[in-house]
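Before any comments, here is the structure.
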There are 2 protein chains.
Amino acid sequence: MFQDDAGASTQLLRKINMGAVLRHALEAETFMATEAMAVTGLTRTTVLGLCDELVDRGWIEEVGDSREAGQYVKGRPARRYRLRNDVGHVVGVDAGQHTVTAVVSDLRGTILARATHALDSQDGAARRTTVRAAVDEALGLAAVHPAGVFLTVIGVPAPVDENGRSPRNNEFWDNMNPDFPTVLADRGETIVDNDANLAALAERARGTHGGSFAALLSGERFGAGLVIDGMLLRGPRGGAGEMRLLNVVEGVGSTEGLGLLGRQWAVDASRAGALPSGSILARIPAEQLSAEAVFNAAADGDITALGIVDRLGERLARIAHVLASLLDVDKVIVAGAVAAALEPVLSKATAVLEDHFEAPVPVLAASTLAADGVVLGALECGLSAVREQPLSFDPRRQARAGEREGRA
Amino acid sequence: MFQDDAGASTQLLRKINMGAVLRHALEAETFMATEAMAVTGLTRTTVLGLCDELVDRGWIEEVGDSREAGQYVKGRPARRYRLRNDVGHVVGVDAGQHTVTAVVSDLRGTILARATHALDSQDGAARRTTVRAAVDEALGLAAVHPAGVFLTVIGVPAPVDENGRSPRNNEFWDNMNPDFPTVLADRGETIVDNDANLAALAERARGTHGGSFAALLSGERFGAGLVIDGMLLRGPRGGAGEMRLLNVVEGVGSTEGLGLLGRQWAVDASRAGALPSGSILARIPAEQLSAEAVFNAAADGDITALGIVDRLGERLARIAHVLASLLDVDKVIVAGAVAAALEPVLSKATAVLEDHFEAPVPVLAASTLAADGVVLGALECGLSAVREQPLSFDPRRQARAGEREGRA
DNA sequence: CGTAGTAAATAAAGGAACTAAATTTAGTAC
DNA sequence: GTACTAAATTTAGTTCCTTTATTTACTACG
């Protein structure tokens with residue numbers, strides 16, 4: 001970043017250092033000058049000066065009770081500072097195919113409210129109004145003024161380029177990503193990204209997966225968010241992580257996801273009358289069969305379900321192998337709604353990987369974020385944007401908007 | 001980079017600005033203060049002060065004749081500065097399986113000398129001494145003192161992690177990457193990287209491919225250097241771009257490269273007596289057949305060669321499709337020694353992509369760097385490291401080493 | 001209760017790095 | 001020789017940080 005910043009005036013220093021202190025404030029529950037000195041390497045005088053300015057600008061506030069929460073007893077009690085709760089907020093949205101979920105959090109990532117709206121139409125205009133409604137409901141529940149939103153991040157089931165646009169030649173994608181920013185004006189900057197990418201960011205934020213992994217969304221169709229060396233891959237058209245290549249992978253042959261196939265194979269068996277009389281699956285009407293039901297039946301030893309799970313495990317193993325061998329990822333994290341019940345499939349796939357593929361073989365894991373992966377990733381995306389350049393946002397916008405309304 | 005630099009003292013500013021001026025000096029043939037002012041946004045006073053310091057430190061020198069080369073006539077003639085030719089040098093090495101090539105350049109990227117040594121042994125120790133010999137020969141030809149080398153970058157046919165190490169469980173890789181830094185001590189810092197990765201960097205430096213492409217090395221085995229969104233992918237073990245996945249891709253099934261298969265299929269046809277009497281290939285003894293000969297024969301209309309080229313084109317199309325569909329690359333650049341003769345294969349593959357695969361389809365191109373891709377990429381890798389952090393290198397090391405030797 | 005000890009806050013002085021504005025210098029054009 | 005031009009140089013700030021006292025607000029203990 002330095003090299004971009006040719007021509008650094010002396011005021012830039014102040015900005016760098018203020019950013020450093022502010023970043024510490026975003027992470028710490030509460031902090032004293034001495035801590036900030038250790039983090040930034042600056043003098044007490046300087047740090048206190050920066051804190052003064054941050055208070056002026058509305059980012060942090062001083063909290064009086066200095067020692068009671070303190071880690072020390074002796075000497076003059078230190079002043080303590082804290083990020084203001086009302087500095088700004090971030091909104092994360094999962095604009096899925098059938099459901100829209102919006103979540104509001106403060107800058108520390110504490111979730112204040114969520115709202116879920118069902119979508120009956122696939123039309124782009126309808127999606128726009130539903131997203132707006134969900135966002136506004138969540139903001140209302142959290143009692144956050146729209147002007148208090150720094151960023152709104154929306155996850156959509158379509159490839160999205162760095163400008164938030166999806167390829168224009170596809171009607172489905174057009175409907176999934178119908179220019180959300182215009183309908184969310186005055187709710188902060190809007191970022192649109194692919195749902196699998198955001199799920200990957202959510203996993204990355206959990207910090208337990210290392211720097212290189214794939215987050216595999218696996219409901220109806222496979223889609224992956226690829227994090228390599230800590231970086232999320234996008235591609236010029238946002239197509240990185242699209243799984244079209246599965247069509248030409250031996251033993252896979254299609255992009256159909258675990259959810260779809262698990263359900264479909266069970267339905268096929270049911271309709272064909274191929275379920276043994278004692279089968280757990282036989283008790284469920286064909287039109288109510290779901291992948292989760294199949295996985296749970298397999299966990300209970302159902303023979304048909306186990307057969308399906310084995311086939312899915314083989315399939316998943318091949319997919320994981322493809323990702324790991326081309327991209328060297330350590331781990332493939334299966335996310336999406338099916339993740340919770342996925343254990344039998346993962347065991348089978350892990351066994352297949354170890355028995356039939358050359359080391360190093362990727363670790364398979366189910367996401368622990370359940371169906372929230374995308375919306376949490378959207379939040380995380382917004383939060384990390386704020387953490388990277390906090391000073392590019394203005395904590396006073398909200399206050400000014402409030403004043404204006406008061407006058408009106 | 002700012003956020004890493006918590007605690008910026010006032011001297012940091014100087015360093016930022018000095019780096020900016022120096023970076024301009026690295027690019028411009030010669031420059032005046034006014035230019036540097038435009039580039040950096042600094043005042044004349046400051047720029048001249050920085051130039052003074054850069055002269056002191058041995059980076060640049062003042063050139064007297066100010067106006068004769070000048071773009072203007074009026075006013076007081078401007079002082080002119082130029083990067084010193086002897087500031088430092090960069091060495092790039094292609095430590096291939098059978099040949100070692102070393103190249104020496106100055107900091108502007110002008111190549112001063114090259115040396116090529118054949119390798120008869122595949123033993124790691126032998127490779128180390130050969131690499132050292134090639135480097136020293138090139139340095140001798142360029143009349144560059146070893147202490148005048150800022151960086152030596154070595155490309156090897158093995159995956160390499162960010163610390164320059166290859167996975168330990170593979171004897172071949174061990175021999176290909178046998179701890180070069182120890183044998184090149186006192187020839188600057190040593191960087192080891194995968195050959196395909198370096199070839200990709202060479203292509204990136206040419207600047208005509210956009211931010212996302214794959215450089216496909218295609219001699220005996222396929223290997224790729226992947227550049228996505230302008231970043232070179234590595235992976236935790238340096239395994240990104242390994243093409244093991246081709247084993248499970250329909251219509252490909254192995255990692256064998258175009259060079260190997262082109263030769264092998266021709267040899268098979270020759271030995272089986274399947275070559276028509278008029279065939280160009282029939283005039284070449286089986287043991288002298290090469291992929292290049294096959295491609296050239298195809299260009300001349302040889303029916304057997306055309307058959308081979310068609311099969312290879314189908315294969316290449318599938319490989320390009322896999323890379324493009326998973327990573328969204330715009331372009332697949334085929335590099336390596338076969339690249340020059342590759343046109344017939346590329347035409348076929350392009351046709352296959354357009355006819356049988358869904359858009360967007362990647363552009364195929366042969367590298368214009370011929371067999372030099374890896375060694376030029378190694379150079380580029382070193383040069384861009386210098387360009388990024390020029391001030392982390394010391395132009396005076398060489399002079400001091402010279403003095404020491406003079407005294408001794 | 002008063003004194004010693006401690007760690008933070010504050011104040012004062014100073015240095016490094018940049019800008020701005022006035023002045024000087026080294027040329028060309030006529 | 002005079003007018004003009006554009007760069008160099010000089011001089012006088014400004015900003016931001018550090019260093020070095022000095023003061024303040026507490027705890028501990030006799």
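In what follows, chains are A, B, ... by sequence order, proteins preceding strands, each numbered from 1.
Rounded to a whole Å, the CE atom of B:Met18 is 14 Å from the C1' atom of C:dA16. Whole-Å rounding puts the A:Lys74 NZ to D:dA25 C1' distance at 16 Å. The CE-C1' distance, from B:Met37 to C:dT19, rounds to 11 Å in whole Å. Rounded to an integer number of Å, the gap from A:Asp52 CG to D:dC16 P is 14 Å. If you take CG of A:Leu13 and C1' of C:dA17, they are 9 Å apart, rounded to a whole angstrom. Look at CG on B:Leu50: it is 13 Å from C1' on C:dA16, rounded to the nearest Å. Across the protein-nucleic acid pair, B:Gln11 atom CD and D:dC16 atom C1' stand 12 Å apart, rounded to whole Å. A:Leu42 has its CG atom 16 Å from the P atom of C:dA8, to the nearest Å.
Considering only residues two or more places apart in sequence or on other chains, A:Arg84 meets the side-chain hydrogen bond (donor to acceptor under 3.5 Å, both in side chains) condition with A:Asp86.
Contact check, B:Asn17 against C:dC18: a side-chain N or O comes under 4.0 Å of OP1 or OP2. Residue A:Ser9 has no polar side-chain atom (N or O) positioned under 4.0 Å from OP1 or OP2 of D:dT15.
You'll find that the side chain of A:Arg14 is closest to D:dC16, out of D:dT18, C:dC18, D:dC16.
Enclosure of atom CG in A:Asp186 is not indicated, since only 12 or fewer non-hydrogen atoms of other residues, nucleotides or ligands lie within 6.0 angstrom. Heavy-atom neighbours of A:Arg14 CZ from other residues, nucleotides or ligands within 6.0 Å: above the threshold of 12.
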Give every pair of a protein N or O atom and an N or O atom of nucleotides 9-15 of chain C that lie under 3.5 Å apart, one pair per line with the distance.
unit_1	atom_1	unit_2	atom_2	d
C:dA9	OP1	A:Arg79	N	2.8
C:dA9	OP2	A:Arg44	NE	2.8
C:dA9	O4'	A:Arg76	NH1	3.2
C:dA9	O4'	A:Arg76	NH2	3.4
C:dT10	OP2	A:Arg79	NH1	2.8

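With respect to B:Arg234 and B:Glu162, no salt bridge is recorded, no charged nitrogen being found less than 4.0 Å from a carboxylate O. Classification of A:Asp394 and A:Arg57 as a salt-bridged pair fails, no side-chain N sitting under 4.0 Å from a carboxylate O. A salt bridge does not link B:Arg387 to B:Glu27: none of the charged nitrogens lies less than 4.0 Å from a carboxylate oxygen. By the 4.0 Å N-to-carboxylate-O rule, B:Glu29 lies too far from B:Arg82 to be salt-bridged with it.
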